[in-house]
Amino acid sequence: MPNDFLGIGWKFPIDADEHGHIIEARYHESISDAIWMIVGTARGERVMRPTFGCGIHDLVFATNSAETRSRVASEVRQALIQWEPRIDVIGVSTTTEGKNPTCLLADIDYRVRATNSRFNLVYPFYLE
């Protein structure tokens with residue numbers, strides 16, 4: 001396959017198909033799953049790799065302010081730069097979700113290095 005170099009791995013959350021086989025994430029989906037895993041994992045959560053993850057979870061009780069939104073964007077960007085070598089982070093911005101001031105949306109724009117394809121992923125982060 002022409003996209004084999006992008007990788008194939010377990011789909012997250014881990015699940016099995018009707019035959020009992022682990023469902024796999026392939027190619028660009030594998031990268032998207034990796035981004036969700038990196039941003040969704042708090043640093044220190046993994047015993048064997050305590051520095052893995054993203055620092056946004058330290059901000060869960062912060063107020064929704066410009067400073068918090070800036071720190072969330074910075075933490076997401078740094079975690080992706082450190083832990084996902086298959087992409088270039090083009091930009092990370094945060095906005096508040098509609099009428100819910102406790103939900104920040106981290107809008108992640110990235111480019112897959114091997115194919116130069118651009119993608120966007122929105123990660124919801126809840127304060128309080």
Side-chain angles (χ1 to χ4, degrees):
M1 299 268 328
N3 288 325
D4 282 349
F5 59 90
L6 292 176
I8 299 171
W10 287 6
K11 174 90 175 120
F12 286 94
I14 298 171
D15 199 5
D17 63 14
E18 62 274 1
H19 303 292
H21 299 111
I22 299 292
I23 297 174
E24 295 178 334
R26 297 177 170 274
Y27 318 129
H28 294 292
E29 183 184 24
S30 172
I31 293 172
S32 176
D33 280 0
I35 292 171
W36 274 91
M37 188 181 348
I38 292 164
V39 177
T41 302
R43 276 195 226 117
E45 185 175 330
R46 294 203 175 175
V47 176
M48 299 301 285
R49 186 165 276 180
T51 60
F52 180 82
C54 184
I56 62 174
H57 305 280
D58 297 336
L59 303 171
V60 73
F61 294 111
T63 58
N64 185 351
S65 65
E67 178 187 358
T68 300
R69 289 189 298 273
S70 177
R71 285 190 60 200
V72 166
S74 177
E75 291 288 343
V76 168
R77 174 186 292 281
Q78 291 305 315
L80 293 177
I81 289 170
Q82 181 177 3
W83 295 108
E84 185 46 80
R86 297 176 291 179
I87 67 169
D88 290 318
V89 179
I90 297 169
V92 178
S93 61
T94 55
T95 57
T96 302
E97 180 189 41
K99 296 180 181 182
N100 185 357
T102 62
C103 180
L104 297 182
L105 299 176
D107 188 0
I108 305 164
D109 292 311
Y110 63 96
R111 178 177 36 249
V112 176
R113 289 179 176 172
T115 63
N116 209 30
S117 301
R118 290 183 68 162
F119 293 91
N120 177 272
L121 184 144
V122 178
Y123 183 87
F125 176 67
Y126 295 92
L127 302 169
E128 299 178 21

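When reading the values below, keep in mind they use all heavy atoms of this one structure, side chains included, and skip hydrogens, waters and symmetry mates. Since we're looking at a predicted model, the values are computed, not measured.
- To the nearest 0.5 angstrom, Cys54 atom SG is 13.5 Å from Met37 atom CE.
- Residues Phe125 and Thr94 fail the side-chain proximity criterion, which asks for heavy atoms closer than 4.5 Å.
- The two residues Asn64 and Arg69 come nearest to each other via the heavy atoms OD1-NH1, 2.6 Å.
- Nearest heavy atom pair, residue Glu75 against residue Ile56, reads CB-CG2, 3.7 Å.
- Looking at Ser117, its side chain never comes within 3.5 Å of a backbone N or O of Val112 through a donor-acceptor pair.
- With a 6.0 Å radius and a threshold of 12 heavy atoms from other residues, nucleotides or ligands, Arg71 has its CZ atom at or below the threshold.
- Scanning all heavy atoms of the two residues, the minimum distance from Ile35 to Ile108 falls at CG2-CD1, 4.2 Å.
- Between Asp88 atom CG and Arg118 atom CZ the span is 10.5 Å, to the nearest 0.5 Å.
- The side-chain heavy atoms of Thr96 and Leu104, taken from C-beta on, include a pair separated by under 4.5 Å.
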Evaluate side chain to side chain contact (heavy atoms under 4.5 Å, CB included) for Ile31 paired with Phe119, printing each intermediate quantity in order.
CA-CA 10 Å; Ile31 293 172; Phe119 293 91; over 6 Å; no
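- Contact annotation: the side chain of Trp83 approaches that of Thr51 to within less than 4.5 Å [non-hydrogen atoms, C-beta and beyond].
- If you take CG on Leu59 and CG on Leu127, they are separated by 8.0 Å, rounding to the nearest 0.5 Å.
- Using a 4.5 Å cut-off on side-chain heavy atoms (C-beta onward), Val72 and Val92 make no contact.
- Using cut-offs of 30° and 60° on the angle between ring planes, the pair Tyr123 and Trp36 is tilted.
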As a quick check of understanding, evaluate side chain to side chain contact (heavy atoms under 4.5 Å, CB included) for Phe52 and Ile38, giving each step before the final call.
CA-CA 7 Å; Phe52 180 82; Ile38 292 164; 3.7 Å; yes
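- Summarising the geometry of Ile87 relative to Arg113, their closest heavy-atom pair is O-NE, 3.3 Å, with the distance given to 0.1 Å.
- A pairwise comparison of heavy atoms in Asp58 and Arg43 identifies OD2-NH1, 4.5 Å as the closest pair.
- Nearest heavy-atom pair, Ile81 versus Val89, reported as atom, atom and distance to 0.1 Å: CG1-CG2, 4.2 Å.
- For CD of Gln82, the number of neighbouring non-hydrogen atoms (other residues, nucleotides, ligands) closer than 6.0 Å is greater than 12.
- With rounding to the nearest 0.5 Å, the separation of CG in Asp109 from CG in Asn120 is 4.5 Å.
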